[in-house]
Amino acid sequence: MKYIYENISSLPCPVGEFTVCNGIQKIPFSIRKNDYNVPYDNITTETNYALDIDTKCLEIGKQYNVVFSEGGLNYCGSDEHTESITNTIDNWSVGIGSYDMNEDEDNPKNYKGYDVWRSEDNLGFSFVLLDRTRDKITFLVAWIENKEVPNVDYESVLDFWLT
C-alpha cells in the first residue's frame with residue numbers, strides 16, 4: 001500500500017484539520033489516495049483520501065474519534081454500510097465518510113471489528129475497537145474548493161466519493 005503520509009497526527013486542509021484522538025491524546029494515522037477517486041459531473045479534486053488507523057495503536061473497548069477541527073459536519077448521505085458528513089466553510093466543502101461493517105447486524109453481541117457512529121458534537125465519527133479481526137480502520141476524508149457550482153453540489157460530490 002502506497003502512503004502519501006505515514007504515522008501523522010493531523011491532516012491539515014485550508015479551513016481546518018483532521019485528527020484521530022481518544023479524548024485529548026492524538027492517535028497516529030496514515031494517508032493514501034482514496035481508491036474511489038473518479039470525476040463526478042466533471043468535478044475532481046486531488047484531496048480525496050483514505051485515512052488508515054493501525055488497530056495495533058488502539059485499545060479494545062476504548063472510544064476514539066475521527067474529527068474535523070472546525071466541526072459543523074452534518075449528515076450528507078449514505079449507502080449500504082456507509083455514511084458521509086460534510087460542511088462548507090469559506091468556499092471549501094469538507095467531509096468525512098465511514099464504513100459500518102456491522103450495520104446489518106441486529107444483535108450488538110455479534111458485532112465484530114469495530115463499532116462506529118456519528119459523533120453527537122458534529123465534529124466527525126466516534127468508534128470503538130471490538131476485537132483484532134481487522135488490521136486497520138479506514139475513514140475517507142476529502143475537501144474541495146467551491147468555484148463553479150453551488151455549495152450543496154460540492155457537498156453532493158463529496159458524498160459520492162465518501163460513501
Side-chain angles (χ1 to χ4, degrees), residues 1-38 44-79 81-90 92-103 108 111-145 155 157-163:
M1 190 163 309
K2 184 177 178 185
Y3 284 111
I4 299 166
Y5 305 107
E6 291 186 76
N7 296 315
I8 60 175
S9 60
S10 70
L11 177 64
C13 78
V15 291
E17 69 179 0
F18 296 94
T19 58
V20 179
C21 60
N22 65 353
I24 57 170
Q25 180 185 7
K26 289 185 177 179
I27 306 300
F29 57 89
S30 297
I31 296 292
R32 60 185 164 84
K33 283 290 191 184
N34 182 352
D35 293 333
Y36 194 66
N37 192 21
V38 297
T44 62
T45 185
E46 291 297 314
T47 52
N48 182 5
Y49 300 119
L51 184 157
D52 291 336
I53 306 160
D54 186 340
T55 57
K56 292 179 203 148
C57 299
L58 306 175
E59 291 179 41
I60 292 175
K62 191 169 194 170
Q63 181 175 320
Y64 297 90
N65 304 293
V66 177
V67 300
F68 178 64
S69 62
E70 300 308 307
L73 299 174
N74 299 300
Y75 174 82
C76 185
S78 62
D79 202 349
H81 297 279
T82 62
E83 181 177 356
S84 72
I85 53 178
T86 62
N87 192 10
T88 298
I89 302 168
D90 296 334
W92 288 89
S93 291
V94 297
I96 305 174
S98 80
Y99 171 74
D100 185 351
M101 64 186 300
N102 296 302
E103 185 175 87
Y111 282 9
K112 60 184 177 183
Y114 61 93
D115 189 19
V116 64
W117 61 95
R118 192 168 3 124
S119 64
E120 293 179 14
D121 58 12
N122 293 327
L123 293 176
F125 288 96
S126 298
F127 69 96
V128 172
L129 182 67
L130 301 174
D131 57 39
R132 301 271 178 211
T133 57
R134 298 180 72 89
D135 61 344
K136 68 181 179 220
I137 299 174
T138 300
F139 291 85
L140 302 177
V141 299
W143 61 90
I144 188 167
E145 187 173 14
E155 290 181 18
V157 171
L158 289 180
D159 177 54
F160 176 72
W161 291 325
L162 302 176
T163 56

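We count residues from 1, following the sequence as given.
In terms of heavy-atom proximity, D131 sits nearest to K112 at OD2-CA, 3.5 Å. Nearest heavy-atom pair across F125 and S98 is CE2-OG, 3.3 Å. Nearest approach of P12 to E17, heavy atoms of both residues: CA-CB, 4.0 Å. Of all heavy-atom pairs between M1 and K136, the closest is CE-NZ, 2.8 Å. Counting all heavy atoms, side chain and backbone alike, R134 lies closest to G113 at CD-CA, 4.3 Å. The shortest heavy-atom contact between E103 and H81 is OE1-N, 3.1 Å.
Residues I53 and V66 are in side-chain contact: their nearest non-hydrogen atoms beyond the backbone lie under 4.5 Å apart. A 4.5 Å side-chain heavy-atom check between C13 and V94 finds at least one atom pair inside the cut-off. Side-chain atoms of T82 and Y99, non-hydrogen and from C-beta on, do get closer than 4.5 Å to each other. Between I31 and L51 the shortest side-chain heavy-atom distance falls below 4.5 Å. Within the 4.5 Å cutoff, the side chain of D100 has no heavy atoms near those of the E83 side chain. Taking the side chain as every heavy atom from C-beta outward, I137 and M101 never approach each other to under 4.5 Å.
Taken to the nearest 0.5 Å, the NZ atom of K56 stands 13.0 Å off from the CG atom of L129. Within the model, atoms SG of C21 and CD1 of I27 stand 7.5 Å from one another, a figure rounded to the nearest 0.5 Å. Separation of atoms CD (E155) and CG (L73) is listed at 9.5 Å; rounding is to 0.5 Å. Summarising the geometry, atom CG belonging to D115 is positioned 6.0 Å from atom CG belonging to L130; distances are rounded to the nearest 0.5 Å. The distance from the CD1 atom of I144 to the OG1 atom of T86 is 12.5 Å, given to the nearest 0.5 Å. Summarising the geometry, atom CD1 belonging to I8 is positioned 7.0 Å from atom OG belonging to S30; distances are rounded to the nearest 0.5 Å.
More than 12 heavy-atom neighbours from other residues, nucleotides or ligands sit within 6.0 angstrom of OH on Y3. Heavy-atom neighbours of K26 NZ from other residues, nucleotides or ligands within 6.0 Å: above the threshold of 12.
Applying ring-ring contact (aromatic ring centres under 6.0 Å, His included) to Y64 and the options W117, F29, F127 leaves one that passes, F127. Just one of T45, T44, N48 meets the side chain to side chain donor-acceptor pair (under 3.5 Å) condition when paired with N37; it is N48. Checking each of W143, W92, F18 against F68 for a ring-ring contact (aromatic ring centres under 6.0 Å, His included) leaves exactly one that passes, namely F18. Residue L162 is tested with V141, I85, V157, L140 for a side chain to side chain contact (heavy atoms under 4.5 Å, CB included); the sole match is L140.
Not a single donor-acceptor pair under 3.5 Å links the side chain of S126 to the backbone N or O of S119. Judged by distance alone, the side chain of N34 and the main-chain N or O of W161 form a donor-acceptor pair under 3.5 Å. N65 contributes no side-chain N or O that, together with a main-chain N or O of Q63, makes up a donor-acceptor pair within less than 3.5 Å.
Side-chain contact check for D135 and T55: no donor-acceptor pair (N or O, by modelled atom type) lies under 3.5 Å.
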K33 vs Y49, test: side chain to side chain contact (heavy atoms under 4.5 Å, CB included). Steps then yes/no.
CA-CA 5 Å; K33 283 290 191 184; Y49 300 119; 4.2 Å; yes

